[in-house]
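Residue numbering restarts at 1 for every chain, and letters A, B, ... go by the order of the sequence lines.
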Amino acid sequence: MTNLQSLNAILPVVIIAITGMVVLLGESCLAFWRRSTSASGIVSFVGILIAGMVALFRLDQPMLHFKAFNGALAVGPFTQACTLILLLVSGLSVLVALTYLDNRGLNQGEYYALLLFATCGAILMCAANDLIVLFVSVELLSVALYILTGFAKTDKKGQEAALKYFLLGSFAAGFLLYGIALVFGGTSISGLIGTTNLTLMTARIPDTPSFMFMAGLALVLVGIGFKAALAPFHMWAPDVYQGAPTSVTGFMATAVKIGAFAALLRLISHLTGIAHFWLPALEVIAVLTMVVGNLMAVTQTNVKRMLAYSSVAHAGYLLIAVCACASTSARPEALQAGLFYLLAYGLMTMGAFSVLVYLSSRNHDCETVQDIAGLVKKEPLAAYLMAVFMLSLGGIPPTMGFVGKWLLFSAAMQAHLVALAVTLAVVSMVAVFYYLRIIWTMCFQDAGSDTLVSTSVAPTGAQVTIVVAAAMSLILGVLPAIVHPMLSAAQTLVQHL
Amino acid sequence: MQMQITGILSLLLFTPIVGAIILMLLPKPGQNVENDSVDFGAMAVNSVGIGFAALTLVLACLLFVGYHGSIFGNMMSGVGGGIQFAEKYNWIPMGAHHWLHWHLGADGFSVLLVLLTTFVILLSIIYTTRTSTNSREIIALLLLLEAAITGVYLALNLVLFYVFFEATLIPTYLLIGMFGGPRRAYAAIKFFIYTFVGSILMLLAIASVYHYAGSLSIIDLSNPMSAPYHALHALPSSTLMLMAGAFLLAFTIKTAVFPFHAWLPDAYTQAPVVGSAALVLLKMGIFGYVRIAIPIFPQQCITFAPLMIVLAVASILYGSLLAAAQKDARFVIAYSSVAHLGFVVLGIFTFTRVGMMGAMIQNFNHGIFTPMLFLGLGMLAERTGTMDLKELGGLKRVLPVFATMMLLATLASVAAPLFSGFVGEFPILLGSWTSGITHSVGGYWPTALAACGTILSAVYMLWWFQRIMLGPVGSPKFREISDLNTREWLVLTPMAVMIFWVGIGSPFWTSRMQSAVSNVLPVSTENVEQSLPVSVMLTDMRERTAGGVLSHPINGFLVTAPDYHSSTVVNQFMPHQPLHMPVPVLQRPATRRQMRAPNAYSGVLRGPGTGTLRGPTGAAANPLPNPGQQARQARKPIGAGMQVGPAPWLMGGKATGANSMPTGEAAKPTLGFGQANSGTRKINSVRDHSVPAPAVPANPNAPTTDNKSGGLSR
């Protein structure tokens, strides 16, 4: 494949990257651009829209299983599906940011450029067929996010969160890189030089892999687990989610997780031959993540922090799909379940954060339960749609969260992971409690003087995001068949590694 | 040729949802209204709410009237037999070209419960129109609740069932939590978590059923001759018990049987008035027993039945005693609900047809008179401002009409004859008395204790009525209050009419459930205590039928139609005639000559305990010298190990016991719909666990006559 063909294959990433550069340059060089508060945001949104169109049209094209750049990137339907989900999430993030930056007086074009670069990184994580490429894309995503986390320069909590994220993230990156090095060493058998390419690696794994290989793999899993906020690597998540600007938190909670889980699904699908080595470890991590995330979320009074723990819990749910990939018979179902849940999780989490953004004002971030007490009296639509997101996160029908949870249940049973299915059932009961408490606070309590109302008069980006996310959560909860083409395409990850 | 229209069930489901969406788009009533001007907002909200609820009720009535045999039902029915009006679309993709189906259908239980739901919701909405501030939200939530409850009754896919089962939680949670009493938040969360704990385990059980059986279709899973059923029941019994236990737990919590009843009093009393009425409509637990638990896990349910009977009797006594001890008028009704639902569960788990039929009628009754009592108490609370039984009193003098209405509902709750409660509770007690399972629990004691519950209900309900209505007027200010207004007349009168209609004319309401009861409890699975005289009577009836006696002594059942060539099984069951025990099942021989021969009627078709395959020609493969002995064996329950051989000609698409025609009409040769339809649902036929079904009819004579006699099917 020539480089041009390879570039064509990852056209959405190219479009996003170019848009990012245009925004960066336009902001710094063009005076008229700088005077407008929303020019960068609109340009970014248009770029994401175009990239999304391209990805959408390519979804059912015969150009399957294209290995771009000498096998470094795998551009198949799975990648396209993940790209679409990511572009949807970052498009919504841009809309949310338009409102949030306006509300908080942080209007600066770099924000959008960084958001777009982070999106590039996340998409490349989904496509990475080589561990080195995976590392580079993880870093692309992370570095942009370190800056975004501390974007509110005067906010002490934001600075603390950014520093914490940066330090722990660098540490995790070290793990990841060291693991890759060990894998490279572990795959150099019988005189061959080692490899980090997943396709080549699969061919070289013996039935009982060397200790070096397994240790490397474990470290890679730690690195990805940090990004995906799996317990016990989740400690950073609550502090960072709480400290970061809410619009960044929404993006971070969704895009990073989508990228990390896409990478994990791809990695694990290449390692099914030695599933008996990693499956017990992942099962333990999944149970731990689900339990820790849900139990910690129960006691939170800060909504952002509660959502952070809830996102840890959801990472545990998603790990069930990853574990189910170990079983050959259950793999198509598991991949479908994983992708559907990623989409559902992205929509409902983004929706919940955008409600918080919608209620934030210049001086006050909406984040505690007092801020939303009795919201239904003051902002009925926002309260009802927040209730939709909470029910969806709790997995109550007829929302998307339920369909996703059902698919996970079914995949877990199909793969004989009964313990995981039972844990999922048990922690779901706990989860319902704290999601319902938000609804209870919003709808059943009386509005206090602290209750926030939206300060903006015109329809804002956050409102659009809320409505879009809620409508999709409900419509896809009732008619999940709409995304069936995307999901069924994703199964081909299984058929052609 | 017949025209087929499908989609009435989806229409029924989505009509209230559309209504709710339109309502929420209307402006909130009570705003921007001048002092004297007409509140057009409230008028719009009320008319939209009542309009959509009435439209749904009309559809439900069409469903009820059209079920099983009318021209309308014939036009609408997609699948025959127990399930009609079926519709099936692809719904959730499940990987590798598997789909979850949007599969709806109505059987005899469904049509009645759908009618009940739509009826009570309409009356509740009419009641709600009095308030203006919150009526928009309340009516919208009631409509959403209506859609969800209706969906539970119509779902034919386990996941779809679960979806609706859970979806009912949201509107009820919001109804209680937003518009309820002082402890509303506590009650709402308690209600939600209680139910959710049960149902998430049910979801796990559903996932494992799908994993092991490869199917989620309730029809397939409850058909003993289908592959999924066999796959499921090939599992170790401990696994099956766990699955059945998860389903039963979910349904038991939803039904609020002791000791899982704790959510009920709080939820019922803290909810707004219409919310209490709507909560009473949450009959999904009861429905789940008969639609899912018993048909899919018959053996496991029989194992659990003694426990369920103990819990049911405990519910009856505990609910009754607590009801008698309450000081708040609404709590009395709430605890009386625990007792009434205990009766319903008792009736179902007797595993006798008479008990189950009684349970289903009592379920229906409870859905009428309890909302009536709650709505009545709501009207009372508006006038007196208190629900404390000590402060109330003597209201009959100031509210004579209202007192009369409440007396009707009270008597129905007490199960006085002529009122609806009697029609339900008497068969339940009868079934409990005759049931072998009840006897295995503790001889006659469970029945005796349950019967004490009836007496206790008279104690607490009559005392309740007395403390509110009789005696000196509780407070001087009560003398000022006025009797029912037009809107309240409109709410209470239809319910009072229903109480009498069910109490006196129960066949109209039960006729459609007969085939459904037969499907859930075929003759062979009935569990009747052997030592009772009634058992001998049943045996006699079966001996007579087995010996070739054509007419049933009680209901005059007679098969004389000359063009009845193929084997036709007509099953008559009338629970409102106490002596009429289950179920002579006849099978007619092909020729007159054979008809005269002994053994011509080859006995209980769907429960020949001998396991011999008998052709419709009456030539038994292994004729027994004494047909009565055969019939006696036939009556052994499944649990007794007398496994039942399938009657292979049943596979041919005809001739099962699903004829729901009322007495006397059964013999008409033009019964086309009932018989022909019934065959296609093979669940009707033999509930057999061990003998795999032959894939093709063993007897070629029978199925060929399908189109001649019942040609309107399919």
Sub-4.5 Å side-chain heavy-atom contact between Ile396(A) and Val432(A): yes
Which portion of Leu169(B) sits near chain A, non-hydrogen atoms under 4.5 angstrom: neither
Under 4.5 Å from any heavy atom of chain B - which part of Phe409(A): both
Proximal component of Ile17(B), with respect to chain A [non-hydrogen, under 4.5 Å]: neither
Where Tyr186(B) and Asp266(B) come nearest, the two heavy atoms and their spacing: CE2-OD2, 3.7 Å
Ser217(B) versus Ser215(B), side-chain donor and acceptor atoms under 3.5 Å: no
Close side-chain approach of Phe340(A) and Val403(A), heavy atoms under 4.5 Å: yes
Return a table of donor-acceptor pairs under 3.5 angstrom between the side chains of residues 388-395 of chain A and protein atoms on other chains or two or more places apart.
unit_1	atom_1	unit_2	atom_2	d
Ser392(A)	OG	Gly401(A)	N	3.1

Residue Leu436(A) versus chain B: region with a heavy atom under 4.5 Å: both
Choice from Lys405(A), Gln445(A), Met429(A), Arg437(A) maximising heavy atom contacts with chain B below 4.5 Å: Met429(A)
Any donor-acceptor N or O pair under 3.5 Å, side chains Ser410(A), Glu333(A): yes
Chain A contact via Phe179(B) - side chain, backbone, both or neither, heavy atoms under 4.5 Å: neither
Side-chain donor-acceptor contact under 3.5 Å, Ser310(A) with Tyr435(A): yes
Segment of Ala148(B) engaging chain A (4.5 angstrom heavy-atom cut-off): neither
Closest-packed option against chain B by number of heavy-atom pairs under 4.5 Å, given Pro480(A), Gly477(A), Ala421(A): Pro480(A)
Main-chain N/O of Cys325(A) paired to Arg331(A) side chain as donor or acceptor, under 3.5 Å: yes
Residue of the set Tyr162(B), Phe161(B), Phe297(B) for which ring pair (Phe, Tyr, Trp, His ring centres under 6.0 Å) holds with Phe247(B): Phe297(B)
Side chains of Thr368(A) and Thr301(A) in contact at under 4.5 Å (non-hydrogen atoms): no
Least distance between heavy atoms, Leu143(B) atom then Pro16(B) atom: O-CB, 3.3 Å
Interface residues of residues 189-211 of chain B facing chain A - non-hydrogen atoms under 4.5 Å apart: Ile189(B), Phe192(B), Ile193(B), Phe196(B), Val197(B), Ile200(B), Leu201(B), Leu203(B), Leu204(B), Ile206(B), Ala207(B), Ser208(B), Tyr210(B), His211(B)
Top of Trp406(A), Trp440(A), Tyr384(A) for chain B proximity - count of heavy-atom pairs under 4.5 angstrom: Trp406(A)
Residue Val422(A) versus chain B: region with a heavy atom under 4.5 Å: both
